[in-house]
Amino acid sequence: MATSRLLRTLSAFNRSARTWAPIPSRNAPGQERLSPPSRNIDASQTQKLSLVSWNIDAFSSRPVARAKLILSHILDDPKAPDIIFLQEVTRDVRAFLLGDAKVRAALLVTDAEDQTSFEGVPFATMTLLSSARFASDLDPQKEGDGIEGGGRFMLGCVSRVTLPSKYRRDGLCVDIIPPTAP
């Protein structure tokens with residue numbers, strides 16, 4: 001069975017424009033793909049990422065209230081994860097996430113640009129990335145930092161792969177590129 005791939009974007013909240021702004025992908029269609037990192041990486045130079053995955057439970061009686069509690073639990077932890085995967089996100093939960101001050105201040109999100117991924121389905125998935133660990137083209141450039149992205153992970157292609165399922169589930173893919181030395 002062939003699967004289709006729908007290109008999506010990550011977005012960062014632009015405080016001055018007071019809106020979510022798409023982040024250009026490093027691997028946008030027509031651009032050359034970045035080379036994979038060298039296999040001779042010193043173990044002391046590797047960076048670890050932390051992640052959490054949580055099911056919002058779209059069919060619960062109060063999914064937005066549940067999402068608020070989950071988000072508080074995740075983001076109020078002093079060791080908040082670098083990557084947050086959320087499943088069964090409804091349109092209302094998406095609206096809450098995009099309007100939340102903590103999310104706007106600290107995270108990059110998928111599916112802020114439109115509701116395409118939420119059309120014709122009861123729920124979808126979303127990925128949230130720490131803006132402290134992932135560089136975006138909306139970040140101010142630090143002169144002389146010597147490392148592309150200021151030592152943060154860079155963002156590649158974002159896409160959804162459709163899967164055969166009752167609720168038209170999909171796989172949300174976000175390519176991340178490790179920081180590279182000059």
Side-chain angles (χ1 to χ4, degrees), residues 2-15 17 19-54 74-75 80-87 89 94 97-98 102-119 121 123-163 168-182:
T3 59
S4 61
R5 186 173 286 262
L6 174 66
L7 292 179
R8 304 301 297 149
T9 63
L10 275 160
S11 298
F13 191 74
N14 182 322
R15 287 184 205 102
T19 188
W20 287 94
I23 301 167
S25 169
R26 293 279 186 228
N27 296 330
Q31 288 183 335
E32 184 179 317
R33 288 190 65 86
L34 295 173
S35 302
S38 167
R39 295 291 178 218
N40 301 342
I41 297 174
D42 179 358
S44 66
Q45 299 297 318
T46 60
Q47 293 188 29
K48 294 182 180 181
L49 291 171
S50 61
L51 62 94
V52 67
S53 178
W54 212 298
I74 293 170
L75 296 181
D82 302 313
I83 304 168
I84 303 168
F85 298 112
L86 298 176
Q87 302 94 47
V89 176
R94 174 188 173 271
L97 292 169
L98 297 178
K102 288 181 183 178
V103 172
R104 289 178 171 194
L107 299 167
L108 309 173
V109 302
T110 59
D111 300 292
E113 73 276 14
D114 61 37
Q115 292 193 44
T116 300
S117 300
F118 293 82
E119 292 173 359
V121 294
F123 52 77
T125 54
M126 287 182 75
T127 298
L128 296 79
L129 303 173
S130 166
S131 56
R133 294 296 310 273
F134 294 89
S136 75
D137 286 347
L138 301 179
D139 293 330
Q141 293 292 338
K142 294 180 182 174
E143 195 170 318
D145 65 15
I147 300 174
E148 183 182 9
R152 295 183 289 172
F153 287 84
M154 304 301 290
L155 301 167
C157 184
V158 178
S159 62
R160 289 185 177 274
V161 178
T162 57
L163 302 171
R168 296 181 47 213
R169 295 178 190 261
D170 60 20
L172 176 57
C173 308
V174 180
D175 292 343
I176 57 174
I177 304 155
T180 56

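Taking the side-chain hydrogen bond (donor to acceptor under 3.5 Å, both in side chains) definition, one finds that R169 meets it with nothing, sequence neighbours left out. With sequence neighbours left out, R94 forms a side-chain hydrogen bond (donor to acceptor under 3.5 Å, both in side chains) with no residue at all. Judged as a side-chain contact (heavy atoms from CB on, under 4.5 Å), and not counting sequence neighbours, the contacts of T125 are Q87, R160, D170, L172. Listed by chain and residue number, R168 satisfy the side-chain contact (heavy atoms from CB on, under 4.5 Å) test with V121 (two or more places apart in sequence, or in another chain). For T19, there are no side-chain hydrogen bond (donor to acceptor under 3.5 Å, both in side chains) partners at least two apart in sequence or on another chain. Residues that satisfy the side-chain contact (heavy atoms from CB on, under 4.5 Å) test with L51, not counting sequence neighbours, are I83, F85.
Listed here is the closest heavy atom pair of S50 and A80: OG-O, 4.1 Å. Counting all heavy atoms, side chain and backbone alike, A124 lies closest to S117 at CB-O, 3.6 Å. Minimum heavy-atom separation, A17 to N14: N-OD1, 3.0 Å. Closest approach of A12 to W20, counting heavy atoms only: C-CE3, 3.4 Å. Looking at every heavy atom in both residues, L163 comes nearest to G171 through CD1-N, 3.8 Å.
Put simply, CZ on R15 and CZ on R104 are 11.0 Å apart, with the number rounded to the nearest 0.5 Å. Note that CG of L107 and OG of S11 are 12.5 Å apart. Values are rounded to the nearest 0.5 Å. Rounded to the nearest 0.5 Å, atoms CG (L128) and CD1 (I74) are 8.5 Å apart. One finds the CE atom of M154 at 13.0 Å from the CG atom of D175 (value rounded to the nearest 0.5 Å). The structure places CG of L108 at 6.0 Å from CG of L155, a figure rounded to the nearest 0.5 Å. Rounding to the nearest 0.5 angstrom, the gap separating the CG atom in D111 from the CG atom in L10 is 9.0 Å.
Side-chain N or O atoms of T110 include one that pairs as donor or acceptor with a backbone N or O of T127 at under 3.5 Å. Side-chain atoms of R133 do not come within 3.5 Å of backbone N or O of R152 as any donor-acceptor pair.
With a 4.5 Å cut-off on side-chain heavy atoms, F13 and L98 do not count as touching. Counting heavy atoms from C-beta outward, F153 and L49 have side chains that approach closer than 4.5 Å. The side-chain heavy atoms of V89 and F118, taken from C-beta on, include a pair separated by under 4.5 Å.
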Show the numbers, then the answer: is there a side chain to side chain contact (heavy atoms under 4.5 Å, CB included) between V158 and T9?
-> CA-CA 6 Å; V158 178; T9 63; 5.8 Å; no
